[in-house]
Every structure is written in structure tokens, then in C-alpha cells.
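Some notes on the structure that comes next.
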Protein chains: 2
Amino acid sequence: MQIGELAKRAYTQVETIRYYEHAGLLPETARTEGNYRVYDDQHVERLSFIRNCRGLDMSLNEIRVLLRFADAPGASCAGVDALLDAHIAHVTRRIKTLQSLKRQLQRLRKACPEAREARQCGILNELSAHVRPMPGAPAQHAGGTHGIRDA
Amino acid sequence: MQIGELAKRAYTQVETIRYYEHAGLLPETARTEGNYRVYDDQHVERLSFIRNCRGLDMSLNEIRVLLRFADAPGASCAGVDALLDAHIAHVTRRIKTLQSLKRQLQRLRKACPEAREARQCGILNELSAHVRPMPGAPAQHAGGTHGIRDA
DNA sequence: CTTGACTCTGTAGCCGCTACAGGGTTTTTA
DNA sequence: TAAAAACCCTGTAGCGGCTACAGAGTCAAG
């Protein structure tokens, strides 16, 4: 099968497949005489694996690790469990951060319960207050609320 | 004051300030004879405003909108309220998405409660299952869990 | 033999920075 | 007075994970 067919079967864009090959997640395949990439069902499975992982918001690096386990079927999968635990912890932390962010935003929102002149807007005034140094970690806060365009 | 002093006062990196100027969030300033940028307290306030907004995970575009309100102190601030409401809704949606993601991950995690051979790992096997087309929105899912490096 | 659908490579853009390289200026120290 | 250190400048490239071209080649159907 050619790249377009693989794309359809794994609900992926053609460019994304080439990108994954370039990134080392998909192997370089055989080519036809006309230099077209040739795929089979195993590629569909591997690409599905990757897309499933992406759907769970894993990074390509995390997926690389998982693929290494998948490629060594005789070895122990303890690392898989560990990676998943770490990823769950990661998501949990992000949820907490976003919840705290939401509380801050709601508090700020109350500073201007109704429309008035901008110079009297409690929101704008609070936002002008001086920043404090980030207490714990580096600048960080939430990060990536805008990761993907909205539906 | 020079750029380094402004950076300190607003807990920002020097490069970030130049980036904001280039991005049109900070005005182009006067220069010394030696071509150094010169700032005053108003710049500290404006930069603090921006950093506060970034700390609330607003995009630079959202901040541009808010700055336009701040720059027109006589106009109505209704748009500020609306922008904040939209941003809160945005964050709320993201939290929901991440929570659903977390549930999926926890379910997946149960597929392999203990280390075994990779070929028998329920996690790896589930991940290999074929992807389904995204039902509602385009590919999207959570996006940006890895937005910022971990603390 | 032309049209159209498919494929190829390579590059640029998105966001919000960050980190250089390779220079110039100003202040401090010896 | 000179050298070293600290600061500043511009411009460019990189991060992740794609997406969207441009400009070309390949292949099947009419």
C-alpha cells in the first residue's frame, strides 16, 4: 500500500507520516520503481500505536521509549508500566496547575463585575500590579492552554 | 534604566523583553548614544502587566487585546470582561479534557498490573489496537501537557 | 496525449520564548 | 592607562509536533 492508503487507515495526514519517518518513529520503507514508499499491515499497526499514544498526549520521546519495548517482545515490560505511571502523574500535575489558574482567573474576574471605563476596570488595574518572583519552579505556571486550536 | 534593570524589576529575561518589543507588545524605546534601550517606570508597569497575563496563561494575542483596552482608559472595558470569561471557559475545557485523558490512562494502566514479557503486556497490546476516527473535533485531544519542562 | 490524482523532496511557518554567535559600549579593577 | 569584566546590540537557529506550501516526478484513466 502507498502512503495515502496508510494515512486513511490510521486517520493520519500524509505529511505526518513522513514526519514520523524523519523523526525515527517509523522505519524507512522499501520504495517502488517510481520512488513511492510501500507499506504493509505492520506499518498500519505501528502508526496506530503512535497515534494512540499521541491521543493520550504522550510526547514523541515517550513514544520512542514505548516502541523500543514493543520491538523487544521478550524483554520485561516493567519500563512500560513506569512510563505510564510517570505520564499519569504528569497529567495530574497539569490538571492541578490549571485548576489553580482557573481560581486565580475567577478571582480576577470579580474585580470588574460590570463594564465601566477602562481606567476604573479592576481587572486591568490588578494586572498592572507588579509581578512577584516565581516562588518555586522557574517561570512555568501552566503552559500550553493554547496548545491546540479550539474546536 | 537599561534593559537589564527592567528585566530584574519585572523578573523577566532580557531576551524576552527584546522579543516583546519585536512582537509589538512593548513600544520601541529611546536609545542612548551607545544605542542602548532606555526604560522608565511605565515600562516596568507594562511589562509587569504582560508577565501577569502570561502567568495566567494568556496568549500574546489575548494580551495584545487587553493592552489596547489599557491604552484607551476612557473607553468601556466590557471587552476585558468578555475576554476573561472566554479565557476561563478555555481553561475549564482544557481541565475537562485532561481529566478524561487521565481516566483513559488509568484504565490503560490496569491492563498490565505487573511486569511481564513485553509481548504479553496489556498496555502495549491495547496501544497497538487500531485508532478510531476522532468523533467530534479534529485530531486535537489534549494538546500541550508537555507545554513546559517539569519542575 | 492530456488530465487528474497521487507521490516525492525540501523549506517555511505556527507559538513563546531561549540560546547562541559575533560584535560594540561602558564600568571596574590592576 | 590599559585590560578585563559586565553590560548591551543585532541576527539567527532551535525547541515540539506538526502543517502547508512550492516545484517537481509518477502513474492510471479517458
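So that the names make sense, note that chain A is the first sequence line, chain B the second, and so on, each numbered from 1. Hydrogens, waters and symmetry mates play no part in the numbers below; they use all other heavy atoms, side chains included.
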Check the distance between [N]'s [atom2] and [X]'s [atom1] and give it to me in whole angstrom.
X     : N      : atom1 : atom2 : value
B:R51 : C:dG16 : CZ    : P     : 11 Å
A:M58 : D:dG17 : CE    : P     : 13 Å
A:I17 : C:dC6  : CD1   : P     : 14 Å
B:I63 : C:dC15 : CD1   : P     : 13 Å
A:Y19 : C:dT7  : OH    : C1'   : 21 Å
A:L60 : D:dT19 : CG    : P     : 12 Å

* To do: Hey, can you tell me if B:H87 and B:H90 have their rings parallel, tilted or perpendicular (30° and 60° cut-offs)?
  =>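 Answer is parallel, since the angle falls under 30°.
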Minimum heavy-atom separation for [X] and [Y], please, with both atom names.
X      : Y      : value
B:L83  : B:E62  : CD1-O, 3.7 Å
B:V14  : B:A7   : CG2-CB, 3.9 Å
A:C121 : A:C112 : SG-SG, 3.7 Å

* To do: Would you give a per-nucleotide map of nucleotides 3-12 of chain D, 5' to 3', where B means the base has a protein non-hydrogen atom under 4.0 Å away, S means only the sugar-phosphate does, and - means neither?
  => ----BSSB--
* Could you walk me through whether B:C77 and B:D81 pass the side-chain contact (heavy atoms from CB on, under 4.5 Å) check? -> CA-CA 7 Å; B:C77 75; B:D81 299 10; 4.1 Å; yes
* Where the side chain of B:S59 is concerned, which of C:dA19, C:dG16, D:dC18 is the nearest nucleotide? ->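 Of the options given, the side chain of B:S59 lies nearest C:dG16.
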Using a cut-off of less than 4.0 Å, is there contact between a side-chain N or O of [X] and OP1 or OP2 of [N]?
X     : N      : value
A:Y20 : D:dC18 : yes
A:R54 : D:dC18 : yes
B:T16 : C:dT18 : yes

* To do: Using the salt bridge (charged side-chain N to carboxylate O under 4.0 Å, His left out) rule, pick out the option among B:E5, B:E28, B:E21 that qualifies with B:R37.
  =>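 Exactly one option meets the salt bridge (charged side-chain N to carboxylate O under 4.0 Å, His left out) with B:R37, and it is B:E21.
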* Between B:E33 and B:N61, name the one whose nearest nucleotide on DNA chain C is closer to the 5' end. =>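 Going by which nucleotide is closer to the 5' end, it is B:N61.
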* Asked: Do the non-hydrogen side-chain atoms of B:R9 and B:M1 ever get within less than 4.5 Å of each other?
  ->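 In short, these two side chains touch, coming nearer than 4.5 Å.
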